[in-house]
Amino acid sequence: MSFEINESCGVFAIYAREDDVAKLTYYALYALQHRGQESVGIAVADGQESVMLKDMGMVSQVFSERDLQSLKGHMALGHVRYSTTGSSFWENSQPIQVPRRGGSVYVAHNGNLINTDELRGQLQAQGVRFRSTSDTEVIAVLLARSDADDVVEAAKEVMPMLQGAYSLGVMTEEKILGIRDPYGIRPLCVGKYMDGYVISSESCGLDIIGAEYVREIAPGEMAIIADGELRFERVMEARKPSLCIFEFIYFARPDSVMYGTYLYHARKHMGMSLADEAPVQADVVMPIPDTGVPAAIGYSQASGIPFGEGLIKNRYVGRTFIQPTQAIRQLGVRLKLNPLVRDIRGKRLVVVDDSIVRGNTTKEIVKMLRDAGASEVHMRISSPPDRFPCFYGIDTAIRQELIASSRSVEEIREFIGADTLHYLSMENLVRATGRPREEFCMACFDGRYPIPVPDEMKMAKCRLEAV
Ligand code: SF4
């Protein structure tokens, strides 16, 4: 259930001499808003000076027209954040700015380091005082403290010190860098915009401003934009490519392209495979909006059962800073979804969703559909059971909270109250991506973490095993 998984972050950077880079970044962050709704920031630079504006909230809440007009320059770095490392407060919002060689270095990060404590401890021992609790500040401080004159050389020094997932946008008064960790866990791509260039977590960030997709930054590679030129440098040897499979299942927008595939098409394929793996007699195939839509269309096409929308999403609930009253909180999933009772009453439903995390939301939805008069509810999930937590920048849950970590599929079916439940097989999930299994991190399903996770970290998130 996508409502239960929180994405980590979105990164965007642009170099464009003849355009309003702050406004372009604003629109790109709008397109990347699904990757984080807690805070947003834009820094701009003009070759000599730089300035930044960031705050808690969503893109539309934070920036006014006047704010954007005050951000002048020909380079910009933007970020939308959902907290994974470090809690939710202003100091942790990004980009993170640190003084460097008479100017500034700004860092925007998608991912999660697994050696933050160690690096932070080393820096604190050298007298560094941190303003935030985020791993991104550690990266920014390392870049700032490098003896290298050039930020490109500084980044080359720092990259080997970092362990974990990092797709970074880095900006100084002169240059923009796009950096991807040697495993390529989080996405990052490059586009061409007019006479300049763009870096974005997803290609949808390019589309919204009319930039042309160039290519993904390869694992271990750095894209350097300076003086209107783009070049790539391989900094670290690429390890086993391990793009997070959840980008394909749910995180990224369906109109984004990864590994050369529209995610919409991959998700539709997942639904088609679900129909092959778990056919059922039913009247309607309906998605949990919005993320279940492509897979539900695929299921419908493969099974011949008509597609229908039975749940309407309130698109504007999002993240609000107004605390709901107890009475409103009790409405639970009804705050986000409302059933079309007349379309559901007496119907046998196939309900397609992308995942089940804790199971409580799915249980509420099944109950809501039954209360609306559904005669049967058959849940179909376009991913395998989610059994292991993420250490690379996705806030799912600790292992103990993941329902599939301790219950069988039949027990989960019973818990959520569905008539039948089926999860897509790993084999068909991988087939839907069009790429080999070896190119993905699928640790949520099989516990095989591509970057070894320190035991203390594992114990903290896997209390089930520790007791
Ligand atoms: Fe993605 Fe799961 Fe791997 Fe994290 S552990 S990167 S969520 S597949």
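Whatever order the structure lists ligands and atoms in, that order sets their numbers, starting from 1.
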A.B. asks: Describe, in one word, how the ring planes of Tyr449 and Phe388 are oriented to each other, choosing from parallel (under 30°), tilted (30 to 60°) and perpendicular (over 60°).
C.D. replies: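 Tyr449 and Phe388: perpendicular rings.
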
A.B. asks: How would you list, by chain and number, every residue that makes a side chain to side chain contact (heavy atoms under 4.5 Å, CB included) with Arg387, sequence neighbours excluded?
C.D. replies: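 Per chain and number, Arg387 pairs via side chain to side chain contact (heavy atoms under 4.5 Å, CB included) with Pro385, Ala404.
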
A.B. asks: Backbone, side chain, both or neither: what part of Arg186 comes under 4.0 angstrom of ligand 1, heavy atoms only?
C.D. replies: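 Near ligand 1, Arg186 shows its side chain, while the N, CA, C and O stay back.
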
A.B. asks: From Cys444, does some N, O or S atom reach closer than 2.8 Å to atom 2 (Fe) of ligand 1?
C.D. replies: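 Looking at Cys444, which is the residue asked about, there is an N, O or S atom under 2.8 Å from atom 2 (Fe) of ligand 1.
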
A.B. asks: Check whether the ring centres of Phe307 and Tyr299 lie less than 6.0 Å apart, and answer yes or no.
C.D. replies: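 No, the ring centres sit 6.0 Å or more apart.
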
A.B. asks: Output the list of atoms in ligand 1 that are nearer than 4.0 Å to some heavy atom of Cys441, sorted by atom number.
C.D. replies: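 Going through ligand 1 atom by atom, the ones under 4.0 Å from Cys441 are 3 (Fe), 5 (S), 6 (S), 8 (S).
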
A.B. asks: With distance as the sole criterion, is a donor-acceptor pair present between the side chains of His34 and Glu202 under 3.5 Å?
C.D. replies: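 Glu202 and His34 do have a side-chain donor-acceptor pair below 3.5 Å.
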
A.B. asks: Quick one: sort the Phe246 and Phe445 rings into parallel, tilted or perpendicular, breaks at 30° and 60°.
C.D. replies: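 Ring orientation of Phe246 relative to Phe445: tilted.
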
A.B. asks: Counting each atom of ligand 1 from 1 as listed, which ones have a heavy atom of Tyr392 under 4.0 Å away?
C.D. replies: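 Reading through ligand 1 atom by atom, the close ones are 6 (S).
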
A.B. asks: Show which atoms of ligand 1 fall inside a sub-4.0 Å distance from at least one heavy-atom site of Cys244.
C.D. replies: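 Here the atoms of ligand 1 in question are 1 (Fe), 6 (S), 7 (S), 8 (S).
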
